[in-house]
Participant: 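Here you go, one structure.
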2 protein chains.
Amino acid sequence: MPGHLARRFHQISNALFDLETREAGLSLTPIQYAALLTVRDNPGIDQATLAGLIAYDRTTIGGVVDRLVEKGLIARRTSDTDRRAKLLTLLDEGESTLAIADPIVRRAQENLVQGLEPAEVEQLMKLMEKVVESMGSVSRSGR
Amino acid sequence: MPGHLARRFHQISNALFDLETREAGLSLTPIQYAALLTVRDNPGIDQATLAGLIAYDRTTIGGVVDRLVEKGLIARRTSDTDRRAKLLTLLDEGESTLAIADPIVRRAQENLVQGLEPAEVEQLMKLMEKVVESMGSVSRSGR
DNA sequence: TACTGATGATCAGTATGCGCACTAAATGTC
DNA sequence: GACATTTAGTGCGCATACTGATCATCAGTA
């Protein structure tokens, strides 16, 4: 049952992330971290584009951004050229949080595949990428 | 980023499941299906054991069972020997729902990996299993 | 310019998914 | 048999996820 394995794999990945970040006193979810990263690499991005980049659901992203704004990690302001769009920028607080989180997240990722040989990790990633690429449109959720 | 791939893979798996079941007029989530299956194969199982078997969280299983009971697919009764435990049994309605769902779920699973060669599917499953086995205890959530 | 269609965001509703705390009941120990 | 510990379920709270609907705004066109 590939579906069940997919669920377990994801579940373990999240559990490791929570473990590591919590231990470090960070209050960040995997999703929030990914969003933060993407905002840093794309300053002034709007929510819809952000959602598209990481394959989020458009509705979900609202809440995620809400919480990041509440924590003072990013800023959300209405675009001058398109008054529908909300543009996101990383704040200093977000920058420093990312600096702390980066090595922790890297360690969590390493722990996830620590049962595999490096060559196997390579293989696994390649195969998962292939699946995601071939079926990615099913869940792109452009809506 | 293995974590991100894990998330995408799981997301796509769920999306395919929803697509297929919805098309067939079924109102079942992947979780509900897994629970139903496990109850069929283990009549009279209690919720905690069920949760352990499929690596659910103890809290989550309550809601899942609630909805399955509401739909008339399974029955929940208090155990005679242990008045804390709630024993679960598949009802006729659940049996017939599973009969309809089984081929649909199989198709969804096949679609998920349709971009891979059979040998690659084998590889992918083996590697994911290895990861889950080596790290499974992190999220067993015995709590 | 008035109209149509597309787009960004939000809201309501449903379902996971998990931590924490609590009750009730069972079990182990003295 | 009294008591501490463990265990099964549940309640509460928070954070994804996604569908469907709605609102405001923007862009293209007649």
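Just the heavy atoms: all of them, side chains too, but no hydrogens, waters or symmetry mates, feed the values below. Letters A, B, ... mirror the listed sequences (proteins, then strands); counts begin at 1.
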Participant: Hey, does the side chain of B/R22 come within less than 4.0 Å of D/dG20's phosphate (OP1/OP2), counting only N and O?
Facilitator: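 Looking at the OP1 and OP2 atoms of D/dG20, one of them is under 4.0 Å from a side-chain N or O of B/R22.
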Participant: According to side chain to side chain donor-acceptor pair (under 3.5 Å), who are the partners of A/T89, at least two apart in sequence or on a separate chain?
Facilitator: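 A/R77.
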Participant: Which ones in residues 71-89 of chain B lie close to DNA chain D, meaning a heavy atom under 4.0 Å from one of its atoms?
Facilitator: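 Those residues whose heavy atoms fall under 4.0 Å from DNA chain D, taken from residues 71-89 of chain B in numerical order, are B/R76, B/R84, B/A85, B/K86.
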Participant: Got a sec? Which of residues 26-39 of chain A come in under 4.0 Å of DNA chain D, heavy atoms?
Facilitator: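 When residues 26-39 of chain A is checked for heavy atoms under 4.0 Å from DNA chain D, the hits, listed by number, are A/T29, A/I31, A/Q32.
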Participant: How many Å lie between CG on A/D46 and C1' on C/dT10, as a whole number?
Facilitator: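 Interatomic distance, CG of A/D46 to C1' of C/dT10: 15 Å.
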Participant: Do the side chains of A/D102 and A/R40 get close enough for a salt bridge, i.e. N-O under 4.0 angstrom?
Facilitator: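 Salt bridge: yes.
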Participant: Just compare D/dT19, C/dG17, D/dT10 and give me whichever is closest to any side-chain atom of B/Q47.
Facilitator: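 Shortest atom-to-atom distance from the side chain points to D/dT10.
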Participant: Under the rule for side-chain contact (heavy atoms from CB on, under 4.5 Å), what residues qualify as partners of A/E122, not counting sequence neighbours?
Facilitator: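 Once residues adjacent in sequence are excluded, A/E122 has no partner under the side-chain contact (heavy atoms from CB on, under 4.5 Å) criterion.
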Participant: Tell me which of A/N14 and B/I61 sits closer to the 5' end of DNA chain D, going by the nucleotide each one is nearest to.
Facilitator: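 Nearest nucleotide further toward 5': that of B/I61.
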Participant: Atom CG of B/D18 to atom P of D/dA17: distance rounded to whole Å?
Facilitator: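 One finds 14 Å between P of D/dA17 and CG of B/D18, rounded.
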Participant: Could you tell me the separation between the NE2 atom of B/H4 and the P atom of D/dT16, rounded to a whole number of Å?
Facilitator: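 For the pair B/H4 NE2 and D/dT16 P, the rounded distance is 14 Å.
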Participant: Output the rounded distance in Å from OH (B/Y56) to P (C/dT16).
Facilitator: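 Distance, rounded to whole Å: 8 Å.
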Participant: Measure from CG on A/L68 to P on D/dC14 and round the result to the nearest Å.
Facilitator: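 About 17 Å, once rounded to whole Å.
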Participant: Among residues 104-114 of chain B, which residues get a heavy atom nearer than 4.0 Å to DNA chain D?
Facilitator: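 Nucleic-acid contacts, sorted: none.
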Participant: Which residues, ordered by chain and number, are linked to B/I104 in its hydrophobic cluster, where ILVMFWY side chains connect at heavy-atom gaps below 4.5 Å, directly or through other members?
Facilitator: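 Its cluster mates, by chain and number, are B/L26, B/I100.
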